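Working notes, beginning with the structure itself.
Computed from a prediction, not measured in an experiment: that's the story for all the values here. Computed from heavy atoms alone, side chains included, the values below leave out hydrogens, waters and symmetry copies.
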Amino acid sequence: MNLAEGVQSVSLGILGVMMIGTALGVVLFSNIVYSAFLLGGVFISMAGMYLLLNGDFVASAQILIYVGAINVLILFAIMLVNKRQDFSPLPSAGLRKVFTALVSFGLFALLSTMVLATPWAYTTNPVVSQNSIIVIGEHFFSDFLLPFELASVLLLIAMVGAIILARREYLPDQVPTSDLQQTILTLPERPKELISTGSSSGNGE
């Protein structure tokens with residue numbers, strides 16, 4: 001085993017321990033904010049494994065989309081809701097834990113059987129291939145240019161619609177017709193303080 005293979009094996013072991021530890025923390029921690037932060041650790045360790053498999057585009061997408069978007073969205077949702085409620089014990093909590101343990105053990109046995117039954121190919125000769133990011137970029141701007149641009153337009157429409165819905169003025173149930181005609185197309189503004197010219201000139205003298 002040369003130095004590169006040793007570094008790769010050690011990195012794989014560290015990332016595996018990090019992934020298992022943070023995943024257990026997501027499940028076992030009672031504080032949901034800590035669980036959300038540990039979920040980001042799971043995503044980062046998965047991105048590191050993608051890098052070890054020469055999947056540079058998948059690793060960057062993992063960090064940008066899952067860590068930078070989905071995990072941050074989960075944290076914002078948790079912190080904005082901030083609903084404090086004591087959990088009451090359920091009568092069937094023990095049965096649910098047993099059922100969850102059985103399902104988890106079944107999934108673990110299925111994945112372990114698949115890993116052991118798969119004929120993994122191992123070669124010492126590195127495969128020379130083009131960078132995946134360059135290949136995907138060339139396809140985006142040549143073969144799939146129209147779907148790529150349509151997706152960007154749809155995302156822009158969704159963003160504008162979300163801004164309009166968020167800025168929509170609250171109208172009460174019963175509003176007089178005259179007031180409705182004046183305020184239905186206006187957004188609430190901050191009241192401005194008016195300074196009279198007489199008082200300012202008097203202070204200047």
Side-chain angles (χ1 to χ4, degrees), residues 2-5 7-23 25-27 32-33 35-81 107 110-111 113-115 117-171 184-189:
N2 54 17
L3 181 61
E5 292 181 357
V7 171
Q8 188 173 7
S9 301
V10 172
S11 302
L12 181 63
I14 293 174
L15 290 172
V17 172
M18 177 181 174
M19 180 183 293
I20 295 174
T22 50
V26 171
V27 179
I32 193 171
V33 179
S35 298
F37 275 110
L38 290 174
L39 184 62
V42 175
F43 292 150
I44 292 174
S45 58
M46 290 177 64
M49 289 188 175
Y50 290 146
L51 282 178
L52 291 178
L53 296 173
N54 295 326
D56 44 4
F57 176 77
V58 183
S60 59
Q62 176 81 16
I63 294 178
L64 289 175
I65 296 175
Y66 284 94
V67 180
I70 296 178
N71 197 24
V72 174
L73 181 63
I74 292 173
L75 286 171
F76 270 107
I78 292 171
M79 293 178 180
L80 286 176
V81 173
L107 289 174
L110 179 63
L111 293 175
T113 305
M114 183 191 69
V115 169
T118 301
W120 302 100
Y122 180 77
T123 178
T124 57
N125 298 323
V127 179
V128 179
S129 60
Q130 193 176 3
N131 193 355
S132 60
I133 297 179
I134 298 176
V135 175
I136 292 172
E138 290 177 352
H139 283 293
F140 268 159
F141 291 99
S142 59
D143 301 332
F144 302 101
L145 179 62
L146 182 60
F148 181 71
E149 294 297 330
L150 287 177
S152 63
V153 171
L154 288 176
L155 290 174
L156 178 62
I157 294 172
M159 184 179 65
V160 173
I163 293 173
I164 292 174
L165 290 176
R167 294 283 299 170
R168 184 176 56 185
E169 185 181 1
Y170 172 76
L171 295 176
I184 192 170
L185 296 178
T186 59
L187 293 174
E189 297 181 357

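- Atom-to-atom distance recorded for Asn54:CG and Asp56:CG is 7.5 Å, nearest 0.5 angstrom.
- In this structure, Leu154 CG and Ile157 CD1 are separated by 5.5 Å, a value rounded to the nearest 0.5 Å.
- Scanning all heavy atoms of the two residues, the minimum distance from Val42 to Met19 falls at CG2-O, 4.2 Å.
- Distance CE/Met49 to CD/Gln62: 11.5 Å, rounded to 0.5 Å.
- Across Ala36 and Ile74, no two heavy atoms sit closer than the pair CB-CG2, 4.2 Å.
- Of all the heavy atoms in Val67 and Asn71, the pair that sits closest is O-CB, 3.6 Å.
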What do the steps show when you test Tyr66 against Leu39 for side chain to side chain contact (heavy atoms under 4.5 Å, CB included), and what is the final call? CA-CA 10 Å; Tyr66 284 94; Leu39 184 62; over 6 Å; no
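- Between Ala47 and Ala59, the shortest heavy-atom contact is O-CB, 3.4 Å.
- Atom CG of Leu146 sits about 4.5 Å away from atom CG of Leu150, to the nearest 0.5 Å.
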Output, in order, the C-alpha distance, side-chain angles, deciding distance and verdict of side chain to side chain contact (heavy atoms under 4.5 Å, CB included) for Ser152 and Glu149. CA-CA 5 Å; Ser152 63; Glu149 294 297 330; 3.7 Å; yes
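- If you take CG on Leu38 and CE on Met18, they are separated by 9.5 Å, rounding to the nearest 0.5 Å.
- A 6.0 Å sphere centred on CG of Leu64 holds more than 12 heavy atoms belonging to other residues, nucleotides or ligands.
- Taking OG of Ser35 as the start and CG of Leu75 as the end, the distance is 10.5 Å to the nearest 0.5 Å.
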